[in-house]
Amino acid sequence: MLFVYMLPLGDIICKYGVKFHCYADYTLLYVPVKPNDLSQLLNLGACLLEMKKWMGMNFLLLNANKTGLLVVRLAKYGHFFENFSVNIDACIISESLTIKNLGMIFDSHLTFQSHIKSITKTAFIHLSNIAKIRPIIAVMLKVYSMHLYPPDLITVTSFSLVFQIMLLEVCSLSRML
């Protein structure tokens, strides 16, 4: 059903000579820009304006707050470019330093430093959380091994009591994290 809606949108984009990729609710537009040549950005603005009109007629929304502009530059041409912006109706979309696309963070020089920093930060948080619950995991493994080979009914009863206490500890730990 989504492709039925997206087919006319693809025709509009192709009419302006813009390359694109469509995902579930995400459309990427690619435009090559030469130094000091703003004609492609004006073309992109006209394409976005027609896309917005078509989406409005089909009860869809081009959310200008979630629309971003990333200009990928080679280091040797960095001085030729100014800060770009695209105007859609009364909304101005300014150039972003980074754009998130399908979980990846892209920057204007494609160094991926922002993405690496984000991944490292997330990994450190997860490792820190694992370190906090490590002592409880060791106790849980001991109790679990006792449960695998219960010598008598008393051990099974003590297992259930210890397990309930450990669950309370894990719950209180998760509230602290």
Side-chain angles (χ1 to χ4, degrees), residues 1-133 170-171 173-177:
M1 180 93 163
L2 176 68
F3 299 110
V4 174
Y5 275 102
M6 298 311 287
L7 192 59
L9 189 62
D11 292 338
I12 292 170
I13 297 169
C14 285
K15 182 171 80 173
Y16 288 91
V18 176
K19 304 212 180 331
F20 68 98
H21 287 142
C22 290
Y23 301 101
D25 62 345
Y26 199 84
T27 304
L28 291 173
L29 303 177
Y30 302 96
V31 178
V33 179
K34 294 179 183 174
N36 297 328
D37 182 15
L38 299 178
S39 63
Q40 288 292 339
L41 284 178
L42 295 173
N43 191 33
L44 178 64
C47 178
L48 287 169
L49 185 60
E50 189 170 340
M51 285 174 59
K52 183 177 180 179
K53 288 178 184 176
W54 178 86
M55 292 175 100
M57 290 184 335
N58 289 286
F59 308 105
L60 298 170
L61 174 68
L62 177 66
N63 191 346
N65 294 331
K66 292 186 177 181
T67 302
L69 174 65
L70 179 70
V71 178
V72 178
R73 304 177 162 91
L74 294 175
K76 64 181 180 179
Y77 295 122
H79 62 281
F80 285 112
F81 290 103
E82 302 170 5
N83 288 332
F84 288 112
S85 62
V86 176
N87 191 357
I88 306 174
D89 281 343
C91 182
I92 296 175
I93 300 169
S94 297
E95 182 181 350
S96 301
L97 295 175
T98 60
I99 296 269
K100 192 167 189 176
N101 176 26
L102 300 175
M104 293 281 296
I105 301 173
F106 293 88
D107 59 76
S108 62
H109 295 291
L110 295 180
T111 61
F112 297 101
Q113 288 182 357
S114 298
H115 182 69
I116 293 167
K117 187 176 183 179
S118 172
I119 295 290
T120 305
K121 181 180 177 182
T122 302
F124 181 77
I125 290 170
H126 289 304
L127 287 173
S128 175
N129 289 341
I130 289 171
K132 289 177 184 176
I133 64 169
V170 169
C171 290
L173 245 180
S174 65
R175 275 188 242 119
M176 289 187 330
L177 302 177

Write out all pairs satisfying side-chain hydrogen bond (donor to acceptor under 3.5 Å, both in side chains) with one or both partners inside residues 9-19, taking only residues at least two apart or from two chains. K15-E50, Y16-E50

I would like to know whether M51 and I13 meet side-chain contact (heavy atoms from CB on, under 4.5 Å); could you show each step before the answer? CA-CA 8 Å; M51 285 174 59; I13 297 169; 3.7 Å; yes

So which pairs with a foot in residues 51-61 pass salt bridge (charged side-chain N to carboxylate O under 4.0 Å, His left out), sequence neighbours left out? K52-D89

Within residues 99-119 or reaching into it, pairs that qualify as salt bridge (charged side-chain N to carboxylate O under 4.0 Å, His left out) - sequence neighbours excluded: none

Residues two or more places apart in sequence or in another chain: which of them pass side chain to side chain contact (heavy atoms under 4.5 Å, CB included) with S94? S85, I92

Any residue meeting side chain to side chain contact (heavy atoms under 4.5 Å, CB included) with S108, in chain and number order, not counting sequence neighbours: L70, R73

Does the pair W54 and N58 meet the rule for a side-chain contact (heavy atoms from CB on, under 4.5 Å), with working shown? CA-CA 6 Å; W54 178 86; N58 289 286; 3.0 Å; yes

Could you tell me which residues satisfy ring pair (Phe, Tyr, Trp, His ring centres under 6.0 Å) with F20, sequence neighbours excluded, listed by chain and number? none

To the nearest 0.5 Å, what is the distance between [atom1] on [X] and [atom2] on [Y]?
X: I12; Y: L49; atom1: CD1; atom2: CG; value: 10.5 Å
X: L7; Y: C22; atom1: CG; atom2: SG; value: 10.0 Å
X: L110; Y: F112; atom1: CG; atom2: CZ; value: 5.0 Å
X: S118; Y: M104; atom1: OG; atom2: CE; value: 10.5 Å
X: L97; Y: I105; atom1: CG; atom2: CD1; value: 12.5 Å
X: Q113; Y: T120; atom1: CD; atom2: OG1; value: 11.0 Å

Indicate, with yes or no, if the rings of F106 and H115 have centres closer together than 6.0 Å. no

State, yes or no, whether a side-chain contact exists between L29 and L44 at a heavy-atom distance under 4.5 Å. yes

Least distance between heavy atoms, [X] atom then [Y] atom:
X: M55; Y: L61; answer: CE-O, 3.7 Å
X: Y30; Y: L28; answer: OH-CD1, 3.3 Å
X: S96; Y: G68; answer: OG-CA, 4.5 Å
X: I93; Y: T67; answer: CD1-CG2, 3.4 Å

